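In what follows, every chain begins at residue 1, and chains take the letters A, B, ... in the order their sequences are listed. All figures in this text were calculated on a predicted structure; none of them were measured in a lab.
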Amino acid sequence: MKEHIIIEINKALKKLYESYNDINKINIEVNKTTDSSHGDLYTNIAMRLAKILKKNPMLIAKEIVNHLENIIDVEKIDIASPGYINFFITKSNKFQELNRIIKNNLIFDKVKNRKNIHVEYVSANPTGPLHIGHGRGMIVGDTTARFMSLIGHNVTRQYYVNDAGRQIDLLLISTILCHLGKKDHIFSDERDDSEGRLVTYKGSYVNDVSKLIKNNLENIDKEKVLSLLDNPIDELITYIKSIDSYLKIRKSLVNEIIENYIKKDLSSVNINFDSWFNESDLYESGLLKTVLKKIDDSNLSYTMDGALWFRNTSFGEDKDRVLIKSNGDMTYFATDIAYHVHKFENHDILINIWGADHHDYAVRLTNAMKALEYDVENRLQIHLVQFANLIMSGKSISMSTRSGDFYPIQDLVNEIGPDATKYFYLTKKKEQHLEFDVDLAIKKNKNNPIYYIQYAHARITKIINDLDNASVEKDNLDNLNTKNEIELIELINSFQNTMDKAINMIRPDIITNYLYKVAQTFHSYYAETKIIASSTKGEKVTLIKCVDKIIISGLEVLDIKPMDRM
RNA sequence: GCGUCUGUAGCUCAGUUGGAUAGAGCGUUAGCUUCCGAAGCUAAAGGUCAGAAGUUCGAAUCUUCUCAGGCGCUCCA
C-alpha cells in the first residue's frame, strides 16, 4: 500500500515540478500515522519540498493532492497544517490482510541468498552451573539464532568451551581440596591482588563434582599435594600439570560440569546447541600453531620480554597484547583468533553474542581477524548484550561462580517457569542496561506480562470451544465498527511488518511489546463485548480467531508455548 | 584519564530512517461480577525527555559540550 502511494506521488511530482533538478533526489516517505484521526498513512513531502520550491508547504500539499490520480483503496486524502498529506485507507483493504492471515500460515520474507550462519553464545567457562547473569546472553543468543533460521538461513548454534585455560586448573585444584577435605583452604597468595579475590572455587557444587571424578582424583599423590598447600598456588598447578594423567583428569572434569550442570541448565529453557567446540581441540588439531605461524609470517607479532605480542597498535588500539605468555601459556586472545579462523573457514557469517564487558575485546578480535584478511565488515557480527543488574531483597547483587555466591538459572526457571524467564529477558533491547528484581519476579508471577498475553489466548480458546459452530451465520466484516474492533484490525494490519522488522533487526523486544498491545486491546474488547451472545458473532469470531493466530505465531517465534488453559 | 553503553512518570521500560497533543506496565487513588475465565476491565493523578547550546518548517530522536551511572582499559579469564 505504501509503495503504491509513493509511486503515485512520484508521478504527480514529475508533472508538477519537472524543472527542479533536486526533485528526483528527494526520497518520498509514507508512514503510519500515530493518531487515527489523521488517517492511516501520511507523507511529509510537502514540507520537505518547501525549501527547494520556496513555497508555503500547505500550498505545495494542495498542488500535489490536486494532481494525484485516484489511488485504489484510498477513500480520502486530507491536508493538515503545516503540510501533512494524510491518506485514509478503505476498510476492505484492511480486511484483505485479516483474511490473508487467517487463511495462511505465517510466512516470513525468506532471504534470497541462503547463508551458513554460525551463532556463538553463552560460552560461559565450564566451571559451574549457569546463573542468571548468564541468562540474558542465553536467551538473546538463542532467539537470534532462531530468527536467522526463520528467514531461511542454515544456522549452526555453537557453544565454545574454554576447557584449556587456567580457570580449569583452578577448578581442578578446588575439587582436589574438596577431595582431601580441605574445601575452605585459601592459598597464601590468593587474596594478594588488590581486589582480594578468590582464585579457587568455593561453591557447594564443587564438592559434588569432586565426588563425580573421585576415581581420577585418587590417582593424585595426596602427600605431595598436602605438602604444597602452604606454597603459592602456582606451584601446585605446576605439579598437577606434570602428572601423566593430567589431560585425562581435566577432560573428565569439564565433561562432568557440562553434562551435569550446563546442559541441564540450558535445556531447562529449551536451548539445545548443535555443536560444542573445545578450546583444547585447537591445540590438538594443530590449528593454533598454524595460525600463530601465519601471524608471525605476516609480521603481525613480535617477541619481547620472553612473550609473543600482537601488533594491536598498528590498528589504532592503545596497546599491544600478549599472544603467548613468557611461561609458554596461550592467552585467550591467541586461542580466540584460532577459533575464529576455524569459524571463518567453515561458515559464511559469524554472529557472536557477548556480554558488554567484552566491548574492548570485540574491537581487538575484529582487528586481528581483519589483519588476517578476513572480510569482517560483511562476515563478522559481534552483538554486545548489556548486563542485567540483579536485585535481591532490595540490594544489588553480584554473580560470582568463584565464590559460589550466585543465583542459578535453574532456580529462577523453577520459580517462574521457562516462558516467563524468556519473556523477561526478551522484553528489553539488548543495549539497555536492565534491572531484574528477583523477589518481584518470583512473588508477582501472576502479574508477569507473559501471563497477560497467555490469558488472551486462553480466553479466545474458551470462546471457540464454547461456540456452537452451526449457529454462526456467514459473516460480513463491515459490521466490525467499534473502537476496539477497529484497533484490533489496525494491529492485525501491522502484524506482518512488525514481525519482519523485529526479525531483520534482531529485536525480539518489538515482538513482545506488540503482543502485549494486542493482548491489551483484546482484553478491553472482551470486557465490553459478549461475543457468543452477539447477533454478529460470525464476524467477531473471525476477528478473534485472527487475533489468536497472531498471538500463537508471535509466541512461537519467541519459543514460548501458548497455554490453552491457565 | 581514555574507550564504550546508558540517562524519558515514584519504580521498570517503549517511543517507527527527525513529524502532529509524550506512551505502557508496576505502584497509588476511585470505580466495575445475575451474562464467553476478575490472572480481567474503566478512569484519575503522575513529565524541565539529565543539563546547555546548535542544526530546521519541526528535535526525546541528529551534532557539540557538560553532568551522572554501568562496563572495559592484566603476560586476567
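With both pairing distances under 3.5 Å, B:rU74 is matched to nothing as a Watson-Crick or G-U wobble pair. Pairing for B:rA50 goes to B:rU66, judged as Watson-Crick or G-U wobble with the two contacts each under 3.5 Å. If you check B:rG27 for Watson-Crick or wobble pairing at under 3.5 angstrom, you find it has no partner at all.
Using a 4.0 Å cut-off between a side-chain N of Lys or Arg and a carboxylate O of Asp or Glu, A:D234 and A:R166 qualify as a salt bridge. The pair A:E490-A:K32 fails the salt-bridge criterion, with no side-chain N (NZ, NE, NH1 or NH2) lying under 4.0 Å from an Asp/Glu carboxylate O. Residues A:D163 and A:R250 are not paired through a salt bridge, judged by the lack of any N-O separation under 4.0 Å between the basic side chain and the carboxylate. A salt bridge does not link A:K462 with A:D564: none of the charged nitrogens is closer than 4.0 Å to a carboxylate oxygen.
With B:rC71, B:rC41, B:rU17 as the candidates, the nucleotide lying closest to the side chain of A:H359 is B:rC71. When the nucleotides B:rA39, B:rU12, B:rC36 are ranked by their closest atom to the side chain of A:K530, B:rC36 comes out on top. Here the side chain of A:E431 is nearest to one of B:rG19, B:rC13, B:rU6, namely B:rU6. In the set B:rG19, B:rC5, B:rU74, B:rC5 carries the atom at the smallest distance from any side-chain atom of A:Q386.
The aromatic ring of A:Y455 does not stack onto the base of B:rG40, failing the criterion of a centre distance under 5.5 Å from the six-membered base ring together with planes under 30° apart. Stacking between A:H38 and the base of B:rA20 is present: ring centres sit under 5.5 Å apart and the planes differ by under 30 degrees.
Regarding the sugar-base torsion, B:rU33 falls in the syn class, its angle being within 90° of 0.
Evaluation of atom-type donor-acceptor distances gives a pair under 3.5 Å for the side chain of A:S326 against the base of B:rC75. Taking only distance into account, the side chain of A:H358 never meets the base of B:rG72 through a donor-acceptor pair shorter than 3.5 Å. Between the base of B:rG72 and the side chain of A:D357 there is no donor-acceptor pair shorter than 3.5 Å. Side-chain atoms of A:H523 stay outside donor-acceptor range of the base of B:rC41, with no qualifying N/O pair under 3.5 Å. Residue side chain A:N86 reaches the base of B:rA20 through a donor-acceptor N/O pair under 3.5 Å, judged by distance alone.
Residue-level contact check: A:L170 touches neither bases nor backbone, having no heavy atom under 4.0 Å from any strand.
Regarding A:D548, its CG atom lies at a distance of 14 Å from the C1' atom of B:rC36, rounded to whole Å.
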